[in-house]
Protein chains: 2
Amino acid sequence: MTNAPREIEDLIELMSKLPGLGPRSARRAVLYLIRKRGLLLAPLADAMHAVAVSARECVTCGNVSTSEVCEICTSEKRATGELCVVEDVADLWAMERAGVFKGRYHVLGGTLSALDAVGPEELRIPKLVSRVADEGIGEVILALNATIDGQTTAHYIAEELEDRCTVTSLAQGVPIGGELDYLDDGTITAALKARKRL
Amino acid sequence: MTNAPREIEDLIELMSKLPGLGPRSARRAVLYLIRKRGLLLAPLADAMHAVAVSARECVTCGNVSTSEVCEICTSEKRATGELCVVEDVADLWAMERAGVFKGRYHVLGGTLSALDAVGPEELRIPKLVSRVADEGIGEVILALNATIDGQTTAHYIAEELEDRCTVTSLAQGVPIGGELDYLDDGTITAALKARKRL
């Protein structure tokens, strides 16, 4: 389409599949990368290769990891007995940026959705229930997005865990319809501190 | 910052240096890549590596290439005797997408700019002058952006080549202040057809 060499056309094609990049911005990004091929393109290729061969899901919590069990699950500094349940890894990262939660996580991998036929088995909900028993969890903090699907999922989990542990949820500060990954750290901190029993 | 493994942090850091991506969109892109690590991340790493080792500047025209002289300069289908002068490779690609120009190119690598201390030697202008003589060029078509710097550069080149060949420039259709890479193909075609002697 641009009569560029095949290697460059291929790279543009792949780059344009990234979220947030279209064909034009992919072409601009590729030209930028070619200009900085020593400083940026080669290191980026190496970094992608390193992640491609090492990235996997933590078997315990579902976080992205480079080992079978992620760094948070194996860290001795993390409090046991408290689990923070998030929809996806971007939300886990948002919690970590706020830096206020010192326990461990459980990544659901989405929300319950009748429309998309996502039931508890498609998420990591059975694993959550077994972790609560196995790890002696006293409190499960639901940090789900304040969307319909997120809150439906929160209520489902609260019922599942009703007699097994305390279930709380982020309360104050999460705006209706808002998503966790877009919140500022202060709001996340306030919401965690004001969590309330479901 | 996200407590992700170092390999993933490194990749986010490098991705956020791409034009059009900030820290948040880099994080989202990396999570997307990890989810599609087989289908997209590994091929993208390979494609970047291939470009990193093979990309170079065409010694004749300054186009990006994977060989010493680019495919357009070596193509026998391309008319000799006509040179289209563009500021950068993105503009060359825009001309190629329009598909109306059948000659060869000369990529300046920027525009003259007193403010940024860019003189004729920083661009590929001396090389352009020697090509006109060596290749027996009859017409040089200036396809520079309709910005102040672009038009200053066009007038400088027109004076340099005055007695050596015909110098024309894209005329009709290039909007004042507009940049070539953002034009639709029809406008570029109209501008090429209505080129006028400087």
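Proteins come first, then strands; the chains are lettered A, B, ... in the order of their sequence lines, and each starts at number 1.
The pair Arg78(A)-Glu96(A) meets the salt-bridge criterion, since a charged nitrogen lies less than 4.0 angstrom from a carboxylate oxygen. A salt bridge is defined here as a Lys NZ or Arg NE, NH1 or NH2 lying under 4.0 Å from an Asp or Glu carboxylate O, and Lys127(B) with Asp134(B) fails to meet this definition.
Side-chain contact, Arg124(B) with His106(B): no donor N or O sits under 3.5 Å from an acceptor N or O. Between the side chains of Glu57(B) and Ser65(B), no donor N or O sits under 3.5 Å from an acceptor N or O.
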side-chain contact (heavy atoms from CB on, under 4.5 Å) assessment of Ile72(A) paired with Tyr105(A): CA-CA 8 Å; Ile72(A) 293 175; Tyr105(A) 291 93; 4.0 Å; yes
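Sparse packing is recorded around CD of Glu159(B), with 12 or fewer heavy atoms of other residues, nucleotides or ligands lying under 6.0 Å away.
For Ser113(B) (side chain) and Val118(B) (main-chain N/O), no donor-acceptor pair under 3.5 Å exists by modelled atom type.
Contact of Leu44(B) with chain A is made through backbone and side chain together, with heavy-atom distances under 4.5 Å. Both the backbone and the side chain of Asp181(B) have a heavy atom closer than 4.5 Å to some heavy atom of chain A. Contacts between Ser54(B) and chain A at a heavy-atom distance below 4.5 Å involve the side chain alone, from C-beta outward. Within the 4.5 angstrom heavy-atom criterion, only side-chain atoms of Ile34(B), from C-beta onward, approach chain A. Looking at Arg24(B), only its side chain comes within 4.5 Å of chain A, counting heavy atoms on both sides. Interface residue Leu31(A): only side-chain heavy atoms are found under 4.5 Å from chain B. For chain A, no part of Met95(B) is nearby; none of its heavy atoms comes within less than 4.5 Å.
Per-residue heavy-atom pair counts under 4.5 Å with chain B were compared for Val64(A), Asp10(A), Asp88(A), and the maximum is reached by Val64(A). For the set Ala45(A), Ala50(A), Pro43(A), Ala29(A), the count of heavy-atom pairs under 4.5 angstrom toward chain B peaks at Ala45(A). For chain B, the option among Glu71(A), Arg35(A), Lys36(A), Arg28(A) with the highest count of heavy-atom pairs below 4.5 Å is Arg28(A).
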